[in-house]
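Every chain is numbered from 1, with letters handed out A, B, ... down the list of sequences.
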Protein chains: 4
Amino acid sequence: MSSAERVRAAAVKLFATKGFHGTGIRDLAQEAELSSATLYHYMGTKEDLLVEIMTTSLLRLIDAVAKATAGSDDPVVRMRTLVALHVLAHAAQPGETRVVDNEVDALSAPARARVVALRDEYERYWAKAIEDGAAANVFHTAQPTVTRLALLEMCSGVARWYSPKGPLKLEDLATHYAELALRVLGHPVAVRAQDLRQCLEVVAQVWDLPVQEGF
Amino acid sequence: MSSAERVRAAAVKLFATKGFHGTGIRDLAQEAELSSATLYHYMGTKEDLLVEIMTTSLLRLIDAVAKATAGSDDPVVRMRTLVALHVLAHAAQPGETRVVDNEVDALSAPARARVVALRDEYERYWAKAIEDGAAANVFHTAQPTVTRLALLEMCSGVARWYSPKGPLKLEDLATHYAELALRVLGHPVAVRAQDLRQCLEVVAQVWDLPVQEGF
Amino acid sequence: MSSAERVRAAAVKLFATKGFHGTGIRDLAQEAELSSATLYHYMGTKEDLLVEIMTTSLLRLIDAVAKATAGSDDPVVRMRTLVALHVLAHAAQPGETRVVDNEVDALSAPARARVVALRDEYERYWAKAIEDGAAANVFHTAQPTVTRLALLEMCSGVARWYSPKGPLKLEDLATHYAELALRVLGHPVAVRAQDLRQCLEVVAQVWDLPVQEGF
Amino acid sequence: MSSAERVRAAAVKLFATKGFHGTGIRDLAQEAELSSATLYHYMGTKEDLLVEIMTTSLLRLIDAVAKATAGSDDPVVRMRTLVALHVLAHAAQPGETRVVDNEVDALSAPARARVVALRDEYERYWAKAIEDGAAANVFHTAQPTVTRLALLEMCSGVARWYSPKGPLKLEDLATHYAELALRVLGHPVAVRAQDLRQCLEVVAQVWDLPVQEGF
DNA sequence: TATGAATGAGCTTTCATTCAT
DNA sequence: AATGAATGAAAGCTCATTCAT
């Protein structure tokens, strides 16, 4: 792993576990096994580093979602895919995703605006799928917006507790959450692992992970 | 409001919005309209203040849950109550609850252990209700533990976005979430506002809020 | 013991053991079992308290020396008396004397000048006795000034280690030091406890101690 | 002089004159002509700096004494050497020695224990010489322990008043004190400057001073 | 590429002191 | 006589960042 990669990895790890404000430049340097002065060869300011992590993480998520839902009209299939992708990303990349979910308030106003815009762009996919499903009468929910927020929080929570060392395989996790989400939307159908095969492939490709069950 | 109360309120507000590490003693002093030296008449260290907030918040939640579920054997009723209480607490006290949910990592090891023990004690109520419902064949979930975590995250998320100024009344919010939760648990039944009346009363009592629809 | 006395005693104890700068107002308050605000009923500033302790301690020493050497022309007798008084004062009042000996640098310039003047006045008794003894050819020392300083340091050191709980009685201590001092001055004669009886009485009177061997 | 050396020199000077608690970080920075932040490149905590000064000072003293008394059986010679070394060290390095003698109480318990152990190791040389002299009937003292303490205090006092700018040369000072000490021990013999030549050399070597009469 | 040295600004916390009650 | 409340100033120490080498 190059020095630049070590810096980024250190930032992801520490921002995720100790928070942006709880992580010092010296902590980053120690984690990356560099001097604190050397860090500045690989980053701008500390905030730049945070922005970069958040931006690339969200862009990847948007990229993955765009790829995985392209050409699918069925809202149920799209929803299943969105949930699976979200959960897989949060389980496989808990560092990045926790940073995105928890450290938005640490950004300065202009950077926050850009990050929030990306997040909104991402959430549009969810909103659209729910709206379409409601219009098609396959989803039944009195409060589509609230339901969307509830689903997103439910799925994002995975990053807080999932461990690849535990008994639950990634694909089972994704399958389970996809089912829960469809239940929430009033469309309780079984989801099979093979329905999500494409999601796993997209995730592996976008996040550059080895293609295997548990990444 | 006394100085001591102003200090606590300032801490809740700022810890919730800017995070523990992102909040300086001077920020607290300014928010509480006191000098930073005077703060120390009303608190120990900054961490003591955090611990106090987390502890009382969790104790209240446990207290509320104990009161509201006492004497109820039906797992569906208990679950409905747990969800409603959780959502109401997070919507009515978003500051405290966000601090509890987000700042555990800011605690020193011994304090963290105590807080986590309280949180575990609270979650036992959820685990028990889900287990009982599954045993009684009214809940259907292949992964009870995962489902519990998913529900908790879903409900806690309310503290991140709910606003009493929005169109959604607290009781509608609670009703909606109770329904979503029962759907997640494979027991999709309608929930009526009157089913949750007792919850509203317990919340009003435990958090010392005025008894009215929107608190 | 009155509050005023408790304040003074607390200051003597803490200034002696932790130093003036190492002792906080809150330490004094705790030791005196008063609130820190109440302290200020019994003292001016912290420095005033220090000055008062040093001044009364030195004035008592001067008073004692004046009383005990009055009417004695013999330099050997005077020297014996000076040493005995000094050692007894330092052994019986180690707090006050340590403060006087160690905390002069903590004083502001004007206060220091006054205290140093008193100390000089006291040391004049030693200088005079040594000069007279040298003139009378009973003391033999090539460096009278150095010898005086050496003797003073030797005797003051008692306050750092003597304990009344140890095996050495005060009168034996004084006798021993008187002999050592006369040896230093080239006049090695035995000193008997009864030679110092008057010293013990003067010390008991000036410091208001119970008249007994060990005070 | 390097920055690191300036920091140490500043600490010695200020701790000696104003005391540890009376010296602020900003005072040290000003004296060392560095910013207060920069100080922390060259030290750990303020206490670490104090410990370092005390430890190296005592280790040097022990080193010097071991070197200078090696191979000497005669208690009189050893005593003469101990006194001369002690006095020379205190006169030539008044800063370090005053810090060692006066600031032990400023140390935390574990650091104090280590420093006191070193001091005890040093004082063993004195105790041994006095015991041996008494056993050989060349020293006559009824209270060997008290006498040792008296001598140490007498000699340490030099650091409080000796100035190389005064009329007294270092070697005369040492000679005079050696004679006083032998008088105290009941062995009043003349000491010649040439008896102490080796001591001067050892001091010059251990403290890295230019070899000349007045250093 | 890498870092030791450096720093102004800031951190949390304590300081000695005052004052209304 | 006694104190809780209050504070400006200062304490020891760390911050993110720069720069010469």
Side-chain angles (χ1 to χ4, degrees), chain A residues 2-4 6-7 11 20-29 32-50, chain B residues 2-4 6-7 20-29 32-50, chain C residues 2-4 6-7 11 20-29 32-50, chain D residues 2-4 6-7 11 20-29 32-50 106:
Chain A
S2 74
S3 289
R6 287 215 308 282
V7 170
F20 178 73
H21 290 301
T23 301
I25 286 289
R26 282 160 181 77
D27 298 325
L28 287 173
E33 296 181 289
L34 292 170
S35 77
S36 58
T38 304
L39 280 187
Y40 284 87
H41 276 280
Y42 301 102
M43 52 181 260
T45 66
K46 201 175 92 163
E47 191 187 7
D48 291 340
L49 191 51
L50 176 62
Chain B
S2 74
S3 291
R6 288 212 311 282
V7 170
F20 178 74
H21 290 302
T23 302
I25 287 291
R26 285 164 178 77
D27 298 326
L28 287 173
E33 296 180 288
L34 291 170
S35 78
S36 59
T38 303
L39 282 187
Y40 285 87
H41 269 282
Y42 300 102
M43 53 181 259
T45 65
K46 201 176 88 161
E47 191 188 3
D48 289 340
L49 192 52
L50 176 61
Chain C
S2 74
S3 289
R6 287 214 310 280
V7 171
F20 178 74
H21 291 303
T23 301
I25 285 289
R26 283 161 180 77
D27 298 325
L28 288 173
E33 296 181 288
L34 292 170
S35 78
S36 58
T38 304
L39 280 187
Y40 284 87
H41 275 279
Y42 301 102
M43 53 179 261
T45 65
K46 202 176 90 163
E47 191 186 6
D48 291 341
L49 191 52
L50 176 62
Chain D
S2 73
S3 291
R6 287 213 310 282
V7 170
F20 178 74
H21 290 303
T23 301
I25 287 292
R26 284 159 181 81
D27 298 325
L28 286 173
E33 296 181 289
L34 291 170
S35 77
S36 60
T38 304
L39 282 187
Y40 285 87
H41 269 283
Y42 300 103
M43 52 180 260
T45 64
K46 201 175 84 159
E47 190 186 6
D48 290 340
L49 192 50
L50 176 62

Task: D:R6 or B:T45, whichever maps to the more 5' nucleotide of DNA chain E - done: D:R6
- [ ] For D:Y40 and for C:S36, locate the closest nucleotide of DNA chain F by heavy-atom distance; then report the residue assigned to the nucleotide nearer the 5' terminus.
- [x] C:S36
Task: Whole-Å gap separating P (F:dA11) and CD (D:E47) - done: 18 Å
- [ ] Please figure out whether B:L39 or D:G24 has its closest DNA chain F nucleotide nearer the 5' end.
- [x] B:L39
Task: Nearest listed nucleotide, side chain of C:H41, among F:dA5, F:dA2, E:dT7 - done: F:dA2
Task: Nearest to side-chain heavy atoms of D:L34, which nucleotide of E:dT7, E:dA16, F:dA16 - done: E:dT7
Task: From F:dT18, F:dG12, F:dA1, nucleotide with atom closest to A:A37 side chain - done: F:dT18
- [ ] Could you tell me which non-hydrogen atom of B:T23 sits nearest to which non-hydrogen atom of B:K46, and how far apart they are?
- [x] O-NZ, 2.8 Å
Open item on the list: To check you understand the geometry: which heavy-atom pair defines the closest contact between B:L39 and B:I25, and what is its length?
Closed with: CD1-O, 3.6 Å
Open item on the list: Quick check: on DNA chain E, is the nucleotide nearest B:K46 upstream (toward 5') of the one nearest C:H21, or the reverse? Name the residue that is more 5'.
Closed with: B:K46
Open item on the list: Under 4.0 Å, heavy atoms only, any strand: does D:T23 hit a base, just the sugar-phosphate, or nothing?
Closed with: sugar-phosphate
Task: Gap between atoms CG and C1', on A:D27 and F:dA16 respectively (whole Å) - done: 12 Å
- [ ] Represent DNA chain E in dot-bracket notation, 5' to 3'. Only Watson-Crick or G-U wobble pairs with both distances under 3.5 Å count; pseudoknot-style crossings use [ ] and interstrand partners use |.
- [x] .||||||||||||||||||||
Open item on the list: It should be established whether B:S3 places a side-chain nitrogen or oxygen under 4.0 Å from OP1 or OP2 of nucleotide F:dA6.
Closed with: yes
TODO: Would you kindly give the CD-to-P distance between C:E33 and F:dA2, to the nearest whole Å?
DONE: 12 Å
TODO: When you get a sec, tell me which of F:dC13, E:dT3, F:dG8 is the closest nucleotide to the side chain of D:I25?
DONE: F:dC13
- [ ] Look at C:Y42 and F:dA2 and indicate whether a side-chain polar atom (N or O) is within less than 4.0 Å of OP1 or OP2.
- [x] yes
Task: Distance (rounded to the nearest 0.5 Å) between D:T38 OG1 and D:R6 CZ - done: 10.0 Å
Open item on the list: Please report the distance, rounded to the nearest Å, between CZ in B:F20 and C1' in E:dC11.
Closed with: 12 Å
TODO: Indicate, yes or no, whether a donor-acceptor pair under 3.5 Å links the base of F:dA10 to the side chain of D:R26.
DONE: no
Open item on the list: Please report the interatomic distance CG(B:L49) to OH(B:Y42), rounded to the nearest 0.5 Å.
Closed with: 13.5 Å
Task: Heavy-atom closest pair, residues C:A29 and C:S35 - done: CB-C, 3.8 Å
- [ ] Give a yes/no on whether any side-chain N or O of B:T38 is located under 4.0 angstrom from OP1 or OP2 of F:dA6.
- [x] no
TODO: List the atom of C:G22, the atom of D:H21, and the distance in Å for their closest heavy-atom pair.
DONE: CA-CD2, 3.4 Å
Task: Atom-pair distance (CG on B:L28; C1' on E:dC11), nearest Å - done: 13 Å
Task: Over all atoms of both residues, closest heavy-atom pair of D:A11 and D:L28 - done: CA-CD2, 3.4 Å
